[in-house]
**Q** 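One structure follows; several queries about it will come next.
If you read the sequence from its start, that first residue is 1, and numbering goes on from there.
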Amino acid sequence: MGEMSGTTGIRFAFGTLTVLPVRVTRWDRDAARAGMLCAPLAGLAVGLAAAAAGALLLLLGSGPPLAAVATVAVPAVLTRGLHLDGLADTADGLGSAKPAEDALHIMKRSDIGPFGVITLLFVLLAQIAAVAELYGESWAHGALAAVLSGVTARLALTLASRTGVPAARPEGLGAAVAETVPVRTALAVAALVTAVCAGALPYAGGAGSAALGAAQYALAVLAGLIAAQLLLRHCVRRFGGVTGDVFGALAETAATVSLAALVLG
């Protein structure tokens, strides 16, 4: 039963959070709970792919800026841009200053407004600039940052799926996963993933990456999660709960802030 639950969770996580050819075999609350608990694994796969793209370009002779663009582009490709689209839609909803029902209607529209465009521009620029600076220090710094940001982005979704955070709409991905993960379980997963990132990533690239130290990696994860939780709190207050768009915004926020934390550290 445990193996089946684990397989179901991995399928749900990869099938809903990536474009990888994984078929979701169950779409009930138990599957959603298992999937959100496995979300960091999907982030790990996306982060490794992003790191590989950047490292390959560096190996072929490109400079850090081009490698950074490739690294940031891979997660967008592997999610069909859904997280970035969610970020833009959430920015439009929040920027509209309209009541919750009207703001949610704005977020469902297919076009992107000025708040969404501006937010996308600055977030992508921040991600590329941070990764480029880290690649400038060493390929390992940039590659491991890509992995950490991918994991942190999806870990933020695990926390956002905890009980006590309602769905803003009765339909969609937000409604499917909202309040599926017990609070203690979400916090335990967050603590475990943070500990693994701090214990493994600083040494994965050799002595050059270990210089950053375990504490900095742990703080980068925590910084990303805190930023995402602040945004989550604001969205729940404004919209009455979470939506699929809000989940995308949380992922991009966590990824961006974790990268910035590594640079500032």
Side-chain angles (χ1 to χ4, degrees), residues 6-7 9-24 34-58 67-88 120 123-124 126-128 130-132 134-135 139-161 173 177 189-190 192-194 196-197 200-201 204-205 209 217 220-221 223-225 227-228 244-262:
T7 302
I10 291 174
R11 284 183 175 276
F12 190 98
F14 278 81
T16 58
L17 300 178
T18 74
V19 297
L20 297 176
V22 178
R23 188 167 61 92
V24 179
M36 289 301 99
L37 291 175
C38 292
L41 292 177
L44 176 62
V46 171
L48 288 172
L56 177 61
L57 281 179
L58 289 174
V69 170
T71 298
V72 172
V74 167
V77 172
L78 291 181
T79 59
R80 288 198 186 97
L82 288 179
H83 290 170
L84 290 170
D85 180 66
L87 173 68
L120 279 179
V123 164
L124 289 173
Q127 291 181 2
I128 291 171
V131 175
L134 291 166
Y135 274 137
W139 74 267
H141 286 172
L144 294 178
V147 173
L148 181 137
S149 66
V151 171
T152 304
R154 278 71 182 178
L155 181 57
L157 305 187
T158 302
L159 289 173
S161 304
L173 178 62
V177 302
V189 170
L192 175 62
V193 172
T194 302
V196 170
C197 288
L201 289 182
S209 61
Y217 278 90
V221 175
L225 295 180
D245 286 331
V246 171
F247 270 77
L250 296 176
E252 292 297 334
T253 298
T256 305
V257 173
S258 65
L259 289 172
L262 287 176

**Q** Which atom names give the shortest non-hydrogen contact between V19 and R80, and what distance separates them?
**A**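 Reported closest heavy-atom pair: CG1-CG, 3.0 Å.
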**Q** Identify the two heavy atoms, one from A13 and one from G35, that lie closest to each other, and give their separation to 0.1 Å.
**A**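 For A13 versus G35, the nearest heavy atoms are CB-O, 3.3 Å.
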**Q** Run the side-chain contact (heavy atoms from CB on, under 4.5 Å) test against V77 and tell me which residues pass, sequence neighbours left out.
**A** none
**Q** Check whether any side-chain N or O of R11 sits under 3.5 Å from a backbone N or O of R23 as a donor-acceptor pair, and report yes or no.
**A** yes
**Q** So which atom in M36 and which in V177 form the shortest heavy-atom distance, rounded to 0.1 Å?
**A** CG-CB, 3.9 Å
**Q** I'd like to check the side-chain hydrogen bond (donor to acceptor under 3.5 Å, both in side chains) partners of T71; sequence neighbours left out, ordered by chain and number.
**A** Y135
**Q** Could you tell me which non-hydrogen atom of G43 sits nearest to which non-hydrogen atom of R154, and how far apart they are?
**A** CA-CD, 3.5 Å
**Q** Mind listing the side-chain donor-acceptor pairs of residues 44-58 below 3.5 Å, one per line with the distance, residues two or more places apart or on another chain?
**A**
none

**Q** Considering residues at least two apart in sequence or located in another chain, which fulfil the side-chain contact (heavy atoms from CB on, under 4.5 Å) criterion with V193?
**A** P40, V151, L155, V189, C197
**Q** Name all residues meeting the side-chain contact (heavy atoms from CB on, under 4.5 Å) criterion together with V196; count only those two or more places apart in sequence or in a different chain, and write none if there are none.
**A**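 In terms of side-chain contact (heavy atoms from CB on, under 4.5 Å), with neighbours along the sequence ignored, V196 is linked to L192.
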**Q** Considering only residues two or more places apart or on different chains, which pairs with a residue in residues 249-261 satisfy side-chain hydrogen bond (donor to acceptor under 3.5 Å, both in side chains)?
**A**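 The answer is Q127-E252, Q127-T256.
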**Q** Mind listing the closest non-hydrogen atom pair of L41 and F14 along with its distance?
**A** O-CZ, 3.6 Å
